[in-house]
Amino acid sequence: MSERIVDVAAGLILRPDGQLLLGQRPEGKPWAGWWELPGGKLEPGETVLQALARELGEELGIEVTQAVPWVTYVHVYPHTTVRLAFCQVTGWQGEPRGLENQQLQWVDPARAGEVGDLLPATLPPLRWLQLPDTYGISAIGGRAGLPDFLERLERALARGLKLVQLREPGWPDGPGATSLRDALQAVLKLCHAAGARVLVNSAHPASWWRQADGVHLRWADAALLQARPELPADALVGVSTHDHAQVVHARELGADFAVLGPVAETPSHPDTAGIGWQGFVAGTRDAGLPVLALGGQSADTLAEARQHGAHGIAGIRALI
């Protein structure tokens, strides 16, 4: 890795229909002809959002009115290392135009590669955009609670929930234990019909992870791993974390996302003090992957979570 790191603010300019703006690097610049996210280097004394607003004004002629920090990611190119502070931009004045002789194109993030060659550092945020910003966690409790849970889950799916974790460490042992596998099948059926994905907590058998859409690793289990679990290419891997070092480990494992918390005290962990938003920001420093906030989160806190760099929120009672 080169000794000097160049700090860059990069904007994911997103229209309400989900289309993303890419720019093509003009002739005469390194990587000419390749497509990238707009942005540029921080100047001395600038914050990330200040640099982003200045760069987008200079490059595109727009005035940013709404932007939030997202994921900071370090990428090593052959001759330089860049620390990319990716931000999501959802409000601006003016119509973007190429003021530096660059071509612009609105794209579907899931099909952005169709526009042409993409800068390597542009690929991770395009993948992260596919991750839902709300993550519901189960608390069924046992066989008797399943009908009520499925009703609540169905309502949550109708409201747009697209990612669910089956987490039932306290499911009763004995003859009724096999009913948890039946519960998983019922959850999978409901979620897949609604276009939602299901992750199985690592407290449960590894064979179930493949039946579902991946695994959510408890920190105790993630800490024992040095590499991502072997799963199908389209499977997701999430990791529960509680501090910055654990978030870094999740990234090094190749996880798709981490959940960090608790931000605030929760009924499920009344004796655990929350890390607060300041702790959340410290924990996600140079995270290199999306991080969801856990603990006291609901639809009402999503905007606040995003202001503090969270990809979104995770929760039990308020989300399902």
Side-chain angles (χ1 to χ4, degrees), residues 68-72 88 128 131-141 145 149 152-153 155-156 159-171 187 196-204 214-223 236-251 253 255-320:
V68 293
W70 186 31
V71 179
T72 300
Q88 293 193 21
W128 300 332
L131 182 71
D133 63 9
T134 304
Y135 184 26
I137 302 169
S138 76
I140 306 170
F149 173 79
R152 288 185 282 116
L153 176 60
R155 290 196 295 270
R159 292 193 300 269
L161 184 65
K162 292 297 182 186
L163 188 62
V164 173
Q165 179 190 155
L166 182 82
R167 178 187 175 276
E168 299 295 329
W171 197 273
V187 169
R197 288 182 284 184
V198 179
L199 304 188
V200 174
N201 188 276
S202 58
H204 306 308
V215 61
H216 186 100
L217 297 168
R218 298 177 297 182
W219 170 248
D221 295 325
L236 290 175
V237 175
V239 178
S240 289
T241 64
H242 308 93
D243 58 34
H244 181 256
Q246 294 178 5
V247 171
V248 169
H249 184 69
R251 180 190 71 218
L253 286 181
D256 296 287
F257 67 96
V259 172
L260 175 63
V263 174
E265 289 184 17
T266 64
S268 55
H269 297 85
D271 299 325
T272 304
I275 61 174
W277 287 119
Q278 194 170 8
F280 184 87
V281 171
T284 57
R285 185 181 73 255
D286 295 350
L289 82 173
V291 182
L292 290 88
L294 175 74
Q297 304 304 304
S298 70
D300 294 335
T301 66
L302 177 58
E304 183 179 17
R306 288 169 60 85
Q307 289 289 341
H308 289 91
H311 176 81
I313 56 172
I316 302 174
R317 292 161 182 79
L319 300 182
I320 303 180

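All values derive from a computational prediction rather than experimental measurement.
Heavy atoms only, all atoms of each residue included: Val164 and Tyr135 are closest at C-CE1, 3.9 Å. Contact record, Leu166 with His204: O-CD2, 3.7 Å, taken as the closest heavy-atom pair. Minimum interatomic distance between Ala222 and Leu217 (heavy atoms only, all atoms of both residues): CB-CB, 4.1 Å. Contact record, Phe149 with Ala139: CE1-N, 4.2 Å, taken as the closest heavy-atom pair. Residues Ile313 and Gln297 come closest through the heavy atom pair CG2-OE1, 3.6 Å. The nearest pair of heavy atoms linking Ile140 to Glu168 is N-OE2, 2.7 Å.
To the nearest 0.5 Å, the span separating CZ on Arg167 from CD1 on Ile316 amounts to 5.5 Å. Distance check: Asp243 CG to Thr241 OG1 gives 7.5 Å after rounding to the nearest 0.5 Å. One finds the OG atom of Ser298 at 13.5 Å from the CZ atom of Arg317 (value rounded to the nearest 0.5 Å). Atom OG1 of residue Thr134 and atom NZ of residue Lys162 lie 11.5 Å apart, to the nearest 0.5 angstrom. Between Leu236 atom CG and Leu199 atom CG the span is 5.5 Å, to the nearest 0.5 Å.
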Let me see the working for Leu131 and Leu292 under side-chain contact (heavy atoms from CB on, under 4.5 Å), right down to the final yes or no.
-> CA-CA 10 Å; Leu131 182 71; Leu292 290 88; 4.2 Å; yes

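Between Ile137 and Leu294 there is a side-chain heavy-atom pair separated by less than 4.5 Å. Residues Phe280 and Val291 have side chains in contact (heavy-atom distance under 4.5 Å, counting atoms from C-beta outward). With a 4.5 Å cut-off on side-chain heavy atoms, Thr284 and Thr72 do not count as touching. In this structure, Asn201 and Gln165 have side chains that are in contact, with non-hydrogen atoms separated by less than 4.5 Å. With a 4.5 Å cut-off on side-chain heavy atoms, Val215 and Asp221 do not count as touching.
Ring geometry for His216 versus Phe257: interplanar angle of 30 to 60°, hence tilted.
Between the side chain of Ser240 and the backbone N or O of Trp219 there is no donor-acceptor pair closer than 3.5 Å. Remark: the backbone N or O of Gly279 is not paired with any side-chain donor or acceptor of His244 at under 3.5 angstrom. Asp256 places no side-chain N or O within 3.5 Å of a backbone atom of Gly238 that could act as its donor or acceptor partner.
Legend: ring pair (Phe, Tyr, Trp, His ring centres under 6.0 Å) pairs involving residues 289-309, not counting sequence neighbours, sorted by first then second residue: Trp277-His308.
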